[in-house]
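The figures here come from the full heavy-atom set of this structure, side chains too, leaving out hydrogens, waters and symmetry mates. Proteins come first, then strands; the chains are lettered A, B, ... in the order of their sequence lines, and each starts at number 1.
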Protein chains: 2
Amino acid sequence: MFSIGELSRRTGVKVPTIRYYEQSGLMEQPERSAGNQRRYSVAALERLSFIRHARALGLSIDDIGELVELAADPERPCGEAHAIASAHLSAVRARIAKLRKLERELKRIVGLSDAGCLGECSVIHSLADHRYCASEH
Amino acid sequence: MFSIGELSRRTGVKVPTIRYYEQSGLMEQPERSAGNQRRYSVAALERLSFIRHARALGLSIDDIGELVELAADPERPCGEAHAIASAHLSAVRARIAKLRKLERELKRIVGLSDAGCLGECSVIHSLADHRYCASEH
DNA sequence: TCTTGAACCTCTAGCCGCTAGAGGTTGTAG
DNA sequence: CTACAACCTCTAGCGGCTAGAGGTTCAAGA
Ligand SMILES: [Zn+2]
Ligand SMILES: [Zn+2]
Ligand SMILES: [Zn+2]
Ligand SMILES: [Zn+2]
């Protein structure tokens, strides 16, 4: 049995974050000491490690909640888990694509200023007007 | 003079968002009609267009506030504006790099399941444990 | 001129995923 | 037995909006 501080140390998840996960239903309500302090089992430690890693991979709290449920029920086919993961992969790819467009435009805008600005600032000028952009964003 | 709805139509920024920008100091307080409704000038229209485009490029409200001030003061050298833009470019690049790492891991994890899972789901298994990951994230 | 009704007003609360702080209680080591 | 770190709950804040309640104003048509 671990205190919340010990669980925090072992998983690298901050104490208030653990309480937040409990409050949002992602972590189960743990047992309590006589004085009402949380006491965690090894199972809770594993669950929190799963959550931490899934969060690090960018999955949402809701998705992780689904995955935790799916993991707990070995009878269910794992197609849903696969779907969540590949939907997330697609979302990540979409975000990358968007950011790359931004990167290209920003590179152009920042590059303009390397020549130095005479009079009006070319950075501010380019930021002001989308017509100078090469793509939508 | 435009009403807030007209300004919204002309810039593509939603009405509550315009009010939010005003409240956060990004848009100046406009004149008001006799009945207390907002009335915008062409200058306000241009300012909001600038804000919209800078937001579309991912700049924060705070950064845009700085840029708007810099733009309004043609005496100031534009080094600060360049600095904001290139710092933002760096931030975008950092985010891309992070997302690409995620993408690689997720691709691996999703790919595992293509073979089909016998017994334990390989997606859930991989999500649970960082040791199978090829990089930090 | 009067009447609709769309558009406007302010204010509050919610979204996500935490994080910070106040003010009080418990656990543990010396 | 005392001291103090660690715990407890509760509330509020971050960014960048978005939604809704409940009330007022504007402009077009009769
Ligand atoms: Zn410049
Ligand atoms: Zn553009
Ligand atoms: Zn599977
Ligand atoms: Zn990993």
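Checked against D/dC17, D/dC7, D/dC26, the side chain of A/Ile4 finds its nearest nucleotide in D/dC7.
In this structure a side-chain-to-backbone donor-acceptor pair under 3.5 Å is missing from A/Arg100 to A/Arg104.
The residue among A/Gly35 and A/Pro16 whose nearest nucleotide of DNA chain C lies closer to the 5′ end is A/Pro16. Each of B/Arg55 and B/Gln37 lies near DNA chain D, and the nucleotide nearest B/Arg55 is the one positioned closer to the 5' end. Residues B/Ser60 and B/Arg39 both approach DNA chain D. Their nearest nucleotides, taken by heavy-atom distance, put B/Ser60 toward the 5′ side.
Legend: salt bridge (charged side-chain N to carboxylate O under 4.0 Å, His left out) pairs involving residues 36-53 of chain A, not counting sequence neighbours, sorted by first then second residue: A/Glu22-A/Arg38, A/Glu28-A/Arg47.
The side chain of B/Tyr21 places no N or O atom within less than 4.0 Å of a non-bridging phosphate oxygen (OP1 or OP2) of D/dG16.
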Identify all side-chain donor-acceptor contacts of residues 117-131 of chain A below 3.5 Å with residues at least two apart in sequence or on another chain.
{"residue": "A/Glu120", "atom": "OE1", "partner": "A/His125", "partner atom": "ND1", "Å": "3.0"}
{"residue": "A/Glu120", "atom": "OE2", "partner": "A/His125", "partner atom": "ND1", "Å": "3.1"}
{"residue": "A/His125", "atom": "NE2", "partner": "A/Tyr132", "partner atom": "OH", "Å": "3.2"}
{"residue": "A/Ser126", "atom": "OG", "partner": "A/Ser122", "partner atom": "O", "Å": "2.8"}
{"residue": "A/Asp129", "atom": "OD1", "partner": "A/Arg131", "partner atom": "N", "Å": "3.0"}
{"residue": "A/Asp129", "atom": "OD1", "partner": "A/Arg131", "partner atom": "NE", "Å": "3.2"}
{"residue": "A/Asp129", "atom": "OD2", "partner": "A/Arg131", "partner atom": "NE", "Å": "3.1"}
{"residue": "A/Asp129", "atom": "OD2", "partner": "A/Arg131", "partner atom": "NH2", "Å": "2.6"}
{"residue": "A/His130", "atom": "ND1", "partner": "A/His137", "partner atom": "NE2", "Å": "3.0"}
{"residue": "A/His130", "atom": "ND1", "partner": "B/His53", "partner atom": "NE2", "Å": "3.2"}
{"residue": "A/His130", "atom": "NE2", "partner": "A/Glu136", "partner atom": "OE1", "Å": "3.2"}
{"residue": "A/His130", "atom": "NE2", "partner": "A/Glu136", "partner atom": "OE2", "Å": "3.4"}

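No side-chain N or O of B/Ser3 forms a donor-acceptor pair with one of B/Gln37 less than 3.5 Å apart.
First and last contacting nucleotides of DNA chain C toward chain B (any atom under 4.0 angstrom from a heavy atom, 5' to 3' order): C/dC8 to C/dT10.
Using a 4.0 Å heavy-atom criterion, one finds that A/Arg9 contacts no nucleic acid atom at all. Residue contacts for B/Ser3: at a heavy-atom cut-off of 4.0 Å it reaches the sugar-phosphate backbone alone, with no base atom in range. Using a 4.0 Å heavy-atom cutoff across all strands shown, B/Ser24 reaches no nucleic acid atom at all.
Atom CG of B/Leu26 and atom P of D/dG15 are 13 Å apart (whole Å). Between the P atom of D/dA6 and the CD atom of A/Glu6 lies a distance of 12 Å, rounded to the nearest Å. Distance B/His88 NE2 to D/dG15 P: 16 Å, rounded to the nearest Å. Rounded to whole angstrom, the span from the CG atom of B/Asp62 across to the C1' atom of D/dG15 amounts to 9 Å. We find that CZ of B/Arg19 is positioned 13 Å from P of D/dT18, with the value rounded to whole Å.
When A/Lys101, A/Lys107, A/Arg108 are each tested for a side-chain hydrogen bond (donor to acceptor under 3.5 Å, both in side chains) with A/Glu105, only one passes: A/Arg108.
If you chain together hydrophobic residues whose side chains sit under 4.5 Å apart, A/Val42 and A/Met1 never meet in one group.
Pairing each heavy atom of B/Gly58 with each of B/His88, the nearest pair is O-CE1, 3.0 Å.
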